[in-house]
Amino acid sequence: GAVVSQHPSWVICKSGTSVKIECRSLDFQATTMFWYRQFPKQSLMLMATSNEGSKATYEQGVEKDKFLINHASLTLSTLTVTSAHPEDSSFYICSAKADHEQYFGPGTRLTVT
Amino acid sequence: EDQVTQSPEALRLQEGESSSLNCSYTVSGLRGLFWYRQDPGKGPEFLFTLYSAGEEKEKERLKATLTKKESFLHITAPKPEDSATYLCAVPGISGSARQLTFGSGTQLTVLP
């Protein structure tokens with residue numbers, strides 16, 4: 001199957017700082033990537049849809065100025081959590097669509113202290 | 001209201017004890033139903049996609065089936081390494097047809 005990578009796999013940052021998470025499709029091109037957030041013992045919640053070369057589409061309740069998404073190429077999308085706060089601590093997962101299936105990255109554990 | 005519901009929330013089986021997980025959905029115009037496996041601290045791993053009622057797919061000890069209202073993930077003679085959370089997802093419930101809406105998952109524990 002298609003491979004999606006994320007970097008870093010985990011990050012700890014101080015409150016008020018910004019953190020960038022990268023999502024790459026390794027063996028295919030993805031015009032659309034998705035960013036999800038998952039809290040402990042909960043399912044995945046879609047945050048935004050990232051479209052190559054255009055602005056991301058955010059789900060209701062997700063602050064676009066706080067969660068900056070850039071999809072600069074067909075293989076890379078980035079999520080930047082700006083001015084992070086402890087409540088932003090979560091597991092962030094990206095995914096990309098290849099053919100008719102959607103493949104997920106391994107996730108990034110963000111802890112804001 | 002369109003939605004995806006999984007049951008049970010948690011399931012504990014003895015090794016070799018077969019069972020089934022359920023995913024009920026309500027959506028107009030199903031564009032596929034996806035099953036994923038998620039291990040703790042990892043992203044979901046794709047298992048199956050089903051597109052039409054009556055369709056079945058198998059992979060090792062897992063078999064997924066689909067009706068017009070629900071999908072089942074049958075686990076035959078499970079092993080401890082099958083322990084994980086199993087998620088089903090359906091596109092098109094919220095937002096565009098490309099976006100997946102996930103059920104809450106079934107946490108499966110297989111005891112040796």
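Each chain gets a letter, A, B and so on, in the order the sequences are listed, and its residues count up from 1.
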Same apolar cluster (I L V M F W Y, side chains within < 4.5 Å links), [X]/[Y]:
| X | Y | answer |
| --- | --- | --- |
| Leu68(A) | Met33(A) | no |
| Val62(A) | Val19(A) | yes |
| Met45(A) | Trp35(A) | no |
| Phe67(A) | Val112(A) | yes |
| Leu62(B) | Leu66(B) | yes |

How close do Glu101(A) and Phe46(B) get, counting heavy atoms only, and between which atoms? CG-CZ, 2.9 Å
Of all heavy-atom pairs linking Ser43(A) and Ser104(B), the shortest is CB-CA, 3.8 Å
As an exercise: rank Gly107(A), Pro40(A), Pro106(A) by heavy-atom pairs under 4.5 Å with chain B and give me the winner. Pro106(A)
Return the option, out of Ile93(A), Leu44(A), Val4(A), with the maximum number of heavy-atom pairs under 4.5 Å with chain B. Leu44(A)
Give the member of Gly105(B), Gly41(B), Gly32(B) that has the highest number of heavy-atom pairs under 4.5 Å with chain A.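 Of Gly105(B), Gly41(B), Gly32(B), Gly41(B) has the most heavy-atom pairs under 4.5 Å with chain A.
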For chain A, which of Glu9(B), Glu45(B), Lys42(B) has the most heavy-atom pairs under 4.5 Å?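 The candidate making the most pairs under 4.5 Å is Lys42(B).
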Can you tell me if NE2 on His85(A) sees more than 12 non-hydrogen neighbours from other groups inside 6.0 Å? yes
Is the number of heavy atoms from other residues, nucleotides or ligands within 6.0 Å of CZ (Arg12(B)) greater than 12?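 Check fails, neighbour count at 12 or below.
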At what distance, to the nearest 0.5 angstrom, does [atom1] of [X] lie from [atom2] of [Y]?
| X | Y | atom1 | atom2 | result |
| --- | --- | --- | --- | --- |
| Leu100(B) | Phe104(A) | CG | CZ | 5.5 Å |
| Thr85(B) | Gln38(A) | OG1 | CD | 8.0 Å |
| Gln42(A) | Phe102(B) | CD | CZ | 14.5 Å |

